[in-house]
Amino acid sequence: MNLEAILDHIEEAETIIIHRHVNPDPDALGSQGGLAASIQAAYPQKKVFLAGEGVGNLDWLSTMDQVPDAAYANALVITVDTADTPRVSDQRFNTGKFLIKIDHHPNDDDYGDLSWVVPEASSTSELIYDLIQHAAGRLGFNATVARLLYAGIVGDTGRFLFNNTSAHTLRVAAALIQEDFDPTALNNRMNQITLAQAKLQSYVFEHLEVTASGAASVVIPLAVVENLGLTSDQVHAAVGTPGRLEGVVAWAIFVEQPEAPYRVNLRSKGPIINELAKGHHGGGHPLASGAKAQNTTEIAEIRAQLDALVTQFVTA
Ligand code: AMP
């Protein structure tokens with residue numbers, strides 16, 4: 001564990017710039033904002049920046065700072081929740097004085113001058129809480145920090161549904177909700193969808209193909225997304241939808257993109273799917289991965305591979 005070294009670097013730096021991944025989810029924003037607020041609470045004189053491009057519909061949770069190029073010259077840069085360098089939002093992350101990676105994805109790309117990666121953790125937000133605990137006063141803690149970290153944990157555990165929810169996760173969540181924020185209001189906000197998103201969910205159920213073994217998949221054409229006027233993060237909210245269906249063991253959602261052909265979201269209740277994702281320009285967690293498909297041939301290939309994994313799993 002590099003926790004002491006991380007705390008030393010935070011203590012020494014006058015400027016700290018925190019990056020997260022592109023297309024941020026609540027864990028990316030929660031761990032980024034939570035760490036920033038925690039540092040700022042302990043060291044009000046330090047300059048702490050949140051770096052990254054658009055936060056989409058999550059601007060109610062966190063907003064980014066304008067970071068001047070010059071700020072990087074002497075800065076400590078920390079990336080959170082970002083497994084590999086191409087996925088870091090704002091590629092200036094590499095132009096600071098020292099780079100630390102804090103993450104909970106499998107450590108396939110061990111970048112940075114120092115890294116702390118715990119794939120068993122539910123979320124990077126859980127790790128930031130652990131870091132604050134370990135810091136024993138060298139980092140701050142308050143309701144702002146707690147709310148952001150709680151949002152991250154709720155997001156990445158699917159509100160404590162997924163199997164990454166450990167006893168420790170629940171203990172951390174219990175500590176967080178003791179702070180002065182409204183977890184129910186936060187959960188309601190995170191659970192909220194627009195009517196257009198609800199229509200997309202019904203499209204998903206209507207067009208879902210489920211194999212005999214329980215491998216489900218659906219293609220969402222660009223025209224459907226455009227007709228409903230949905231942004232990519234609004235589409236992303238439908239990723240968990242097929243998992244609610246009885247008999248579905250693992251699933252793939254193929255979302256046609258304006259620029260690259262299809263974005264693939266893979267989810268599973270048992271079979272390990274991240275190796276499949278790696279075979280299609282993707283990666284991620286054992287039960288939650290993302291990939292890309294160039295065309296309908298590759299979609300068919302992924303469907304067949306997913307079905308094989310599920311078949312193997314259910315017959316084992
Ligand atoms: P998503 O389906 O986009 O929500 O992604 C699920 C998980 O897979 C996340 O933890 C991502 O970090 C990871 N992931 C998604 N897309 C990719 C990719 N192209 N390459 C590597 N990892 C990815």
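Note that ligands are numbered from 1 as they come in the structure, with each ligand's atoms numbered from 1 the same way. A quick note: this is a predicted structure, and the numbers were derived from the prediction, not measured. Numbering starts at 1 and runs along the sequence shown.
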Atom 23 (C) of ligand 1: nearest protein contact (heavy atom, Å): Gly283 O, 3.4 Å

Between Ser122 and Asp156: side-chain donor-acceptor atoms closer than 3.5 Å: no

Per-residue contact class, His21 against ligand 1 - non-hydrogen pairs under 4.0 Å: neither

Element-labelled atoms of ligand 1 that are located less than 4.0 Å from some non-hydrogen atom of Gly284: 8 (O), 13 (C), 22 (N)

Protein heavy-atom partner closest to atom 11 (C) of ligand 1 - residue, atom, separation in Å: Arg87 NH2, 3.6 Å

Any His236 heavy atom less than 4.0 Å to ligand 1: yes

Residue and atom name of the nearest protein heavy atom (relative to atom 7 (C) of ligand 1), distance in Å to one decimal: Ala288 O, 3.3 Å

Under 3.5 Å side-chain donor-acceptor pair for Asp113 and His9: no

Whether over 12 other heavy atoms sit under 6.0 Å from Lys292 NZ: no

Sidechain-backbone polar pair: Asp109 side chain, Thr85 backbone, donor-acceptor under 3.5 Å: yes

Atom CD of Gln192 with >12 non-hydrogen neighbours under 6.0 angstrom: yes

Contact with ligand 1 for Ala83, non-hydrogen, under 4.0 angstrom: no

Residues Val172, Tyr150; criterion side chain to side chain contact (heavy atoms under 4.5 Å, CB included); working and verdict: CA-CA 9 Å; Val172 171; Tyr150 186 77; over 6 Å; no

For atom 9 (C) of ligand 1, the protein heavy atom that lies nearest, with its residue and separation: His105 NE2, 4.0 Å

Where ligand 1 meets His285 - atom numbers and elements under 4.0 angstrom, heavy-atom basis: 10 (O)

Identity and distance of the protein heavy atom lying nearest atom 3 (O) of ligand 1: Asn265 ND2, 3.5 Å

Nearest option to atom 8 (O) of ligand 1, as decided by whichever heavy atom of Ala252, Gly290, Ser232, Pro106 sits closest: Gly290

Residue, atom name and distance, where the atom is the protein heavy atom closest to atom 19 (N) of ligand 1: His281 O, 3.3 Å

Distance-only side-chain donor-acceptor flag, Asn164 / His104, under 3.5 Å: no

4.0 Å heavy-atom contact, Arg267 with ligand 1: yes

Backbone N/O of Val218 and side chain of His207: donor-acceptor pair under 3.5 Å: no

Top protein contact for atom 18 (C) of ligand 1, by heavy-atom distance: Gly282 CA, 3.6 Å

Verdict with supporting geometry, Val248 and Val210, side chain to side chain contact (heavy atoms under 4.5 Å, CB included): CA-CA 7 Å; Val248 169; Val210 188; 4.3 Å; yes

